[in-house]
Colleague: 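First the structure, then my questions, so here it is.
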Amino acid sequence: MPEDDFEVDPFDVSGSVDYDRLVEKFGTERIDEELKRRFFDLADSKNLYVDREFIYSHRSMDKVLDEYEDGDGFFLYTGIGPSGPMHIGHIISYYFTAWMQRKFDVNVYIQVTDDEKYWDRDITDEEIEENVKDNVREVAAAGFDPDKTFIFRNREYMGNMYDGIVKIAEKVNNSQVQGVFGFEGSTNIGMNFWPAIQNIPTFFEDKRCVIPAGIDQDPYWRIQRDIAEKFGHKKTAAIHTKFIPALTGPEGKMSSSKPKTAIMLDDDPEEVEEKVKKHAYSGGGDTLEEHREEGADLSVDTSFQWLKNLLMEDDERLAEIADKYSSGEMLTGEIKEILIEQLNGFLQGHQKRKAEADEKVQKMMYDGQLAQEMWDKKIDLEPRNRD
Ligand code: TYM
């Protein structure tokens, strides 16, 4: 089989990702029409990201829906690495998680990895501190229920989780993490230990855990699924998003380290306009003549892809844009204007909710119902059996 010309792991996404191939490589399953229909039926509404297949792959979601129907329920877990300010790619999985919480009325746990990013990045404690404060407000703006959501920083909550982490760490060896993550001799030992910490929240309740996240995080869940049953827990389920590519084209993923080619969550309308006009990759023809004749290639056009996958709820309007742009009737400049308007509409709402998020953050981290229960609780797993 030829080498793939893309790379996806929790630390790097590069090349033009073949999402079908990724499902095979990671051993996940595509969300098919039947699962989609069941999911929307039980949620009693459609979800744009799933409907448009931006959220497209899963592990064990069929079991999750069975268990939900049987009354066993589930809980949600996701996380954020405080490595810098957040971009629009980051926020999608939190909006989706909040949507699932509303529809299924379940608890959500959000891990803030102020340890992982110290090990993985060249970043100071002061920078981490600043990022945590900013990132939790971004996440809170996605609309979680403050009494059913627990946001915790690992370095702060570690004492409550450490007994369980010790049990996980004993079950995972170096060959596994080297195989799954490509860790090498030069990798610091913090990162070697990290998979035990990223997996502990999957054991916060006895129900099945469901993790909405980018598919880059899936390698962690493979480890969890190898060991969960040894502790009498269910294998975690996961539901995977694709990546939002950089504005500049379909390769790799949007990254905060290249802010010019990313739409940052705190960009103002002028910045959005400038970035989209200057950098948004166009699938249109090189000249007006060529464009009128051949139309645009929608599959690589950033504006069209973002409207389709993230922003435009109205199916009819989207179909009309697809039709006019792919036939050459609509020009790149025109679709960019539509994207600018929709992006600014989304960001305006998000920024307003972020500005009002302080009280919610306080509840989700410390004072809300679930937060208080979690601060009173120690997480442990079945001890070693000496039989
Ligand atoms: P982090 O901070 O790198 O990413 C946070 C979430 O954002 C997703 N993401 C993207 N999704 C779509 N398009 C993009 N361009 C894009 N960039 C990032 C990631 O897939 C992720 O879902 N180790 C984790 C933190 C973590 C976590 C978790 C994440 C701890 N526990 C449980 C998900 C679920 C990290 O550094 O994520």
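Atoms within each ligand, like the ligands themselves, are counted from 1 in listed order. These numbers come from the heavy atoms of this one structure, side chains and all, not from hydrogens, waters or symmetry mates. Just so you know, residue 1 is the first one in the sequence shown, and it goes up from there.
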Colleague: Could you please provide the protein residues found below 4.0 Å of ligand 1 on a heavy-atom basis, arranged by chain and number?
Modeller: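 Residue list for ligand 1: Tyr77, Thr78, Gly79, Ile80, Gly81, His87, Gly89, His90, Ser93, Tyr94, Gln111, Thr113, Glu116, Lys117, Gln198, Ile211, Ala213, Gly214, Asp216, Gln217, Trp221, Lys242, Phe243, Ile244, Lys253, Met254.
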Colleague: Is a salt bridge present between Lys234 and Asp206, judged by a nitrogen-to-oxygen distance below 4.0 Å?
Modeller: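 Salt bridge between Lys234 and Asp206, a charged N being under 4.0 Å from a carboxylate O: no.
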Colleague: What about the rings of Phe243 and Phe54, do their centers lie closer together than 6.0 Å?
Modeller: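 Here the rings of Phe54 and Phe243 have centres that are no less than 6.0 Å from each other.
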Colleague: Give a yes/no verdict on a cation-pi contact between Lys242 and Tyr56, requiring under 6.0 Å between NZ or CZ and the six-membered ring centre and an angle within 45° of the axis.
Modeller: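 Yes - Lys242 lies over the ring of Tyr56, closer than 6.0 Å to its centre and within 45° of its axis.
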Colleague: Check Arg153 with Asp115, please: is the shortest side-chain N to carboxylate O separation under 4.0 Å?
Modeller: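 Between Arg153 and Asp115 there is no salt bridge, as every charged N stays at least 4.0 Å from the carboxylate O atoms.
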Colleague: Determine, step by step, whether Gln224 and Thr202 satisfy the side chain to side chain donor-acceptor pair (under 3.5 Å) criterion, reporting the C-alpha distance in whole Å, the side-chain angles of both residues, the deciding distance to 0.1 Å, and the verdict.
Modeller: CA-CA 8 Å; Gln224 196 275 3; Thr202 67; 3.1 Å; yes
Colleague: Should the pair Tyr68 and Phe104 be assigned to parallel (<30°), tilted (30 to 60°) or perpendicular (>60°) ring geometry?
Modeller: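 Tyr68 and Phe104: perpendicular rings.
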